[in-house]
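Okay, structure first, notes after.
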Amino acid sequence: MLQVNQIRADFDQACIGLKKRNLENPEDLLRQVLLLDDQRKKIQMDRDNFQAESNNMAREIGQLMRTGKKDEAEKIKEKTASLKSKVKLLEEEYNEVENTLTQLLYTIPNIPHHSVKPGNSAEDNEEVLQHGSLPVLDHKHKLPHWDLIKKYDIVDFELGAKITGAGFPVYKGKGAKLQRGLINFFLEEAEKAGYEEVQPPILINEESGYATGQLPDKEGQMYLAAEDGLYLIPTAEVPITNMYRNELLSAAELPKKNVGYTPCFRREAGSWGAHVRGLNRLHQFDKVEIVQITHPEHSYQTLDTMSLHVQGLLQKLGLPFRVLRLCGGDMGFTAALTYDLEVFSAAQERWLEVSSVSNFETYQSNRLKLRFKNESKKTLLAHTLNGSALALPRIIAALLENNQSEKGIRMPEVLLPYLGFEWIS
RNA sequence: AGAGGAGUGGCAGAGUGGUCGAUUGCGGCGGUCUUGAAAACCGUUGAACCGCGAGGUUCCGGGGGUUCGAAUCCCUCCUCCUCUGCCA
């Protein structure tokens, strides 16, 4: 969530930023935040004063008891009663105001970076670069991937539906091997780039969900193991970033770089439509995620580095891609700046999002209480960033479609050591 | 899952109702000495919030309670260790 101090320091900028997200009247919202914060401070001051008085009396009583002056001690004891009830009352008031303030802050999204343009939807996203020429398939070999996977029997949706339901495919034979190969390829590329591999839990508790911003607004998007109050992760971002919850790091430890492979689970409630056939959208899918915790001064440079890392993967796989800078209306709630990377899927003749790389600045770290001590020993919130590197199903879709020919589907050169086969045929 | 034990500052580890935010050691930082370094010695060293400041409040796993006063007593939850059981 936003820091109150940040809002106070630059009220106008905050409003301008939030307007890019099409917030109706950020001025009123933010003014209310400041008002509640003022109230909070005032109550705290009163409470602290009464508490200090009460503490002094307790100390006095201690002195008197030790010197055996019980009568005097008793007299003072009587006086503490009214103080105590005042403190208690103010305590309750404080909690109430603070709670209201927190709830309000939960409803306010992150302030977009100054480079983010206003906009309403994906239509308004800005293409920052495009790489590779779009493959043109001849008519005979222009099957969409959902036909190809049937033809070569490498992904089975009906089987998955039998076991679980729609959107939970079974990968078979070379399909399964392709998944495993891609995961290893992605993990090793990340390792070469200095990321430490982790295998986090794929169920998370409520606290973790709040810290990275999936809760309270996106619980409908996650599967819940109700018996234990645990959610299945929608992305490895949640467990990996939460490794650093309540941590106070030294500047020398930054940046923290982690990569992790996990399955991801999304209910995708209400988002099924014409464009979600085959591997385009699933309830369970595999993803390799990169996460960095950085010094605030370096986070945007890091964002570029992460974007370049993902671009490198796509180049090595020989997939044409483009990079979009998301507009205010399309960007996630918690992000300050997001680049989406999309590959071109030659049979569908569509761009498919395969990665989303974001800088959250202090929006997550504020909830995480993820801080570091800077060069002058001051405690500051760190910046958090993450990106998919990469999400598998759409990569597979594009690889299958773009590389089809009469001989079958040819696997990219870089994957051969990971696969042990060159053709799916 | 059952029985027992334990959770204290970056780490180790004292403290069982009254100046305890906490003895001490290690580590860190600063200094003395040294050509430099090590050793030795001296000093310093937790966090959050409020306040212009002086200063104040809170925090000894989390939450709640008893008391004028809680790291210390009570309740509850969590985590870890040991033993027993079960199991991939």
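Residue numbers start from 1 in every chain, and the chains themselves are labelled A, B, ... in the order their sequence lines are given, proteins ahead of strands.
Atom name P, nucleotides B/C60 and B/C73: the rounded distance is 14 Å, in whole Å. Across the P atoms, B/C42 and B/C26 are found 11 Å apart, a figure rounded to whole Å. Nucleotides B/G31 and B/A48 place their P atoms 26 Å apart, quoted to the nearest Å. B/G63 sits 24 Å from B/C50 when the C1' atoms are compared, rounded to a whole Å. Using atom C1' as the reference point in both B/A71 and B/G9, the two lie 13 Å apart (nearest Å). Taking atom C1' on both nucleotides, B/G25 is separated from B/A14 by 11 Å, rounded to a whole Å. Between the P atoms of B/C52 and B/G15, the separation comes to 43 Å (whole Å). Comparing the C1' positions of B/C20 and B/U58 gives an interatomic distance of 15 Å, to the nearest angstrom.
When all heavy atoms are compared, the tightest approach of A/Leu30 to A/Cys15 is CD1-SG, 3.8 Å.
Within residues 366-373 of chain A, the residues having any heavy atom closer than 4.0 Å to RNA chain B are, in order of number, A/Arg371, A/Lys373.
B/A1 and B/U84 make up a base pair, with Watson-Crick or G-U wobble contacts both under 3.5 Å. Summarising the base pairing, B/G27 is matched to B/U45 through a Watson-Crick or G-U wobble pair whose two defining distances lie under 3.5 Å. Nucleotide B/C20 is matched to nothing when pairs are restricted to Watson-Crick or G-U wobble geometry with both distances under 3.5 angstrom. When both pairing distances are held under 3.5 Å, B/U79 makes a Watson-Crick or G-U pair with B/A6. B/A71 is unpaired under the criterion used here, namely a Watson-Crick or G-U wobble arrangement in which both key atom distances are under 3.5 Å.
Residue-level contact check: A/Thr379 touches the backbone only, with heavy atoms under 4.0 Å from sugar-phosphate atoms and none from bases.
When atom types are taken as modelled, the side chain of A/Glu401 and the backbone of A/Gln348 share a donor-acceptor pair closer than 3.5 angstrom. With A/Ser356 contributing its side chain and A/Asp340 its backbone, the two residues share no donor-acceptor pair below 3.5 Å.
Counted within 6.0 Å of NZ on A/Lys150, heavy atoms from surrounding residues, nucleotides or ligands total 12 or fewer; the atom is thus considered open.
If you take CG of A/Asn246 and P of B/A47, they are 15 Å apart, rounded to a whole angstrom. Rounded to an integer number of Å, the gap from A/Asn5 CG to B/C50 C1' is 12 Å. Here the P atom of nucleotide B/G46 and the CD atom of A/Glu247 are 19 Å apart, to the nearest Å. Atom CD in A/Gln3 sits about 12 Å away from atom P in B/A48, given to the nearest Å. The distance between atom CD of A/Glu206 and atom P of B/C77, rounded to the nearest whole Å, is 18 Å. Here the P atom of nucleotide B/C50 and the CG atom of A/Leu90 are 17 Å apart, to the nearest Å. Between the CD atom of A/Glu253 and the P atom of B/G28 there is a distance of 15 Å, given to the nearest Å.
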Indicate for each nucleotide in nucleotides 51-69 of chain B, in 5' to 3' sequence, whether protein heavy atoms under 4.0 Å reach the base (B), only the sugar-phosphate (S), or nothing (-). S----BSS---------BS
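Here the straight-line distance linking atom OG of A/Ser388 with atom CD of A/Glu353 works out to 7.0 Å at 0.5 Å rounding.
Contacts classified as salt bridge (Lys or Arg N to Asp or Glu O under 4.0 Å) and involving residues 220-248 of chain A (residues at least two apart or in different chains) are given here: A/Glu207-A/Arg245. The list of side-chain hydrogen bond (donor to acceptor under 3.5 Å, both in side chains) pairs with a residue in residues 83-95 of chain A, not counting sequence neighbours, reads A/Arg40-A/Tyr94. For residues 241-267 of chain A, no pair satisfies ring-ring contact (aromatic ring centres under 6.0 Å, His included), with sequence neighbours left out.
Using cut-offs of 30° and 60° for the angle between ring planes, the A/His283 and A/Tyr223 rings count as perpendicular.
Figure legend: cation-pi geometry between A/Lys177 and A/Phe421 absent, as NZ or CZ is not positioned both under 6.0 Å from the six-membered ring centre and within 45° of its axis.
Every residue two or more places apart in sequence or in another chain was checked for a salt bridge (charged side-chain N to carboxylate O under 4.0 Å, His left out) with A/Lys75, and none qualifies.
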